[in-house]
Amino acid sequence: MIRKLGIGLLVFVVLAVIGTGYMYLRSLDFLRGPILILGSIQNGSTVGNSLVAVSGSVENIAFLTLNGRQIFTNEEGSFLEKLLLAPGYNIITLEAKDRFGRVKTERLELVYEPEIIN
């Protein structure tokens with residue numbers, strides 16, 4: 001009788017530990033929120049070409065926009081979009097939203113100075 005009670009208590013403790021670990025792992029996405037990492041262009045750069053490639057990676061997102069337009073990632077969470085810049089000062093805004101409604105925003109400010117050909 002005491003042995004059965006001890007085994008039952010041990011099973012209960014093991015299941016409680018497994019359940020707590022599972023809840024922790026499932027809540028990591030909620031705790032971390034959306035992650036947005038830019039990899040291509042440095043903020044504040046001056047570029048000489050009007051066509052720029054904006055790339056990076058994301059985690060824990062449900063929706064990703066570039067200047068208000070939805071863009072998509074591959075299976076690894078990487079993205080690559082090409083944009084045409086206007087001469088002068090340009091602002092590029094990336095916004096990642098997770099399934100809980102939290103938003104992470106990155107803003108790139110670039111200056112496009114066209115090369116003058118004589």
For Glu109, which residues count as a side-chain hydrogen bond (donor to acceptor under 3.5 Å, both in side chains) partner, sequence neighbours excluded?
Tyr89, Arg107
According to side-chain hydrogen bond (donor to acceptor under 3.5 Å, both in side chains), who are the partners of Glu81, at least two apart in sequence or on a separate chain?
Arg69
Roughly how far, to the nearest 0.5 Å, is [atom2] of [Y] from [atom1] of [X]?
X      : Y      : atom1 : atom2 : answer
Ile91  : Leu108 : CD1   : CG    : 10.5 Å
Ile92  : Glu106 : CD1   : CD    : 12.5 Å
Leu64  : Ile71  : CG    : CD1   : 4.0 Å
Leu80  : Thr73  : CG    : OG1   : 12.0 Å
Ser57  : Ile35  : OG    : CD1   : 9.0 Å
Lys104 : Ile37  : NZ    : CD1   : 9.0 Å

Could you report the tightest heavy-atom contact between [X] and [Y], atom names first, then the distance?
X      : Y     : result
Val58  : Phe79 : CG1-CE2, 4.1 Å
Thr105 : Thr93 : CG2-CG2, 3.7 Å
Ile61  : Pro34 : CG2-CB, 4.0 Å

Flag, side chain of Asn90 to backbone of Gly88, donor-acceptor distance under 3.5 Å:
yes
Indicate every side-chain donor-acceptor pair of residues 44-54 with a distance under 3.5 Å to a residue at least two apart or in another chain.
from: Ser45; atom 1: OG; to: Gln42; atom 2: O; distance (Å): 2.6
from: Asn49; atom 1: OD1; to: Leu51; atom 2: N; distance (Å): 3.4

Run the numbers on Leu85 and Val111 for side-chain contact (heavy atoms from CB on, under 4.5 Å), then give the verdict.
CA-CA 9 Å; Leu85 299 178; Val111 176; over 6 Å; no
